[in-house]
Engineer: 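Got a structure here, written out as structure tokens. Questions coming.
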Amino acid sequence: MDIIKTVSEMGQRVASARVAGETISFVPTMGFLHQGHLSLLEEGRKRGDLLVLSIFVNPTQFGQGEDFEDYPRDLQQDSALAQQAGVDIIFAPTAAEMYPSGYATYVDVEGITETLCGASRPGHFRGVCTVVSKLFNIIQPQVAIFGNKDFQQLAVIKRMVLDLNMAVEIIGMPIFREADGLAMSSRNVYLNQDQRQQALVLSQSLIQAQQFVAQGQTESAEIISHLKKEIAKYPATRIDYVQICHQLTLEDQTTIDADSVLLLAVYVGNTRLIDNAFLVPDND
Ligand code: AMP
């Protein structure tokens, strides 16, 4: 396994892979790998001859006062995990390599980026779309694998790829969870023991909502108001949003149907956690 830090070296490797007729599969991450990332790599290993993992904490997707500086980083441990997962190349550029002096180009997807996380993190998806476009151009994968954990991000990337005629297949993978239900996230390390316990209210809310739907509840407002009351019982929590949306457009739905997805963003202490689930079974 090679660790490549420059765009030019990555370009050379991609060029020779292409000449050799190899399929390139790609998993973009910000590192501090956990089993959720590893499940994406496992899928990537199956789908490509050359499996590329990027590790880049992208400054342009963090807002003022967010955790860019504090975001956990451990390239040594990530390298060991990546090697075990069968990664061929880790692409780990510096911020200066990706955004050299004079950098001036950004990718803005409209509409679908303006709700949910886009509403509370202005500019976030502009940074995500910009870096993912750049990584696609540098790595030229035929397949790229993302997690449903960042449900809106996946929808936005699919929109961007369609709109900009990018020749890459986008695959979404199920959310990988801890044994007690907490969705795996690099940010979970920020939680102390008590917050870690209170954070279970996110995944429990998703299950509760699925149960309401299974019992015949179809009114989004009823479910949302019930969940908000439940979450508010946990003193470390502060709700950013609880919304039921159409899984493709991410528009709010008043009535639940087979396309409904419940999306949550909740601060636990200072840590902002997200989670989501389809509301009708056999959908994910
Ligand atoms: P991140 O490093 O957090 O930017 O995530 C990189 C990729 O891993 C994204 O496509 C995420 O959606 C995905 N991912 C993060 N957490 C999980 C998880 N618990 N299960 C599955 N995929 C995940």
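The first residue in the sequence is number 1, and the count goes up from there. As the structure is a prediction and not an experimental result, all values here were calculated from the model. Counting convention: from 1, in listed order, for ligands and their atoms alike.
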Engineer: So, Arg13 and Asp2, do they make that salt bridge, N to O below 4.0 Å?
Structural biologist: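 Answer for the salt bridge query: yes.
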Engineer: Can you confirm whether more than 12 heavy atoms, excluding those of Gln140, are under 6.0 Å from its CD atom?
Structural biologist: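 Result for CD/Gln140: enclosed.
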Engineer: For Phe68, is the NZ or CZ atom of Arg73 found under 6.0 angstrom from the centre of its six-membered ring and inside 45 degrees of the ring axis?
Structural biologist: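 Yes, cation above the ring, under 6.0 Å and within 45°.
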Engineer: Name the residues with a heavy atom less than 4.0 Å from ligand 1?
Structural biologist: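 Pro28, Thr29, Met30, His34, Gly36, His37, Leu40, Tyr71, Phe146, Gly147, Lys149, Asp150, Gln153, Pro174, Ile175, Phe176, Met184.
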Engineer: Relative to each other, are the rings of Tyr99 and Phe56 parallel, tilted or perpendicular (30° and 60° limits)?
Structural biologist: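 Aromatic pair Tyr99/Phe56 classed tilted.
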Engineer: Does the side chain of Thr115 come within less than 4.5 Å of Gln152's, by heavy atoms?
Structural biologist: yes
Engineer: For the hydrophobic clusters of this structure (ILVMFWY residues joined by side-chain heavy atoms under 4.5 Å, transitively), does one cluster hold both Val128 and Leu135?
Structural biologist: yes
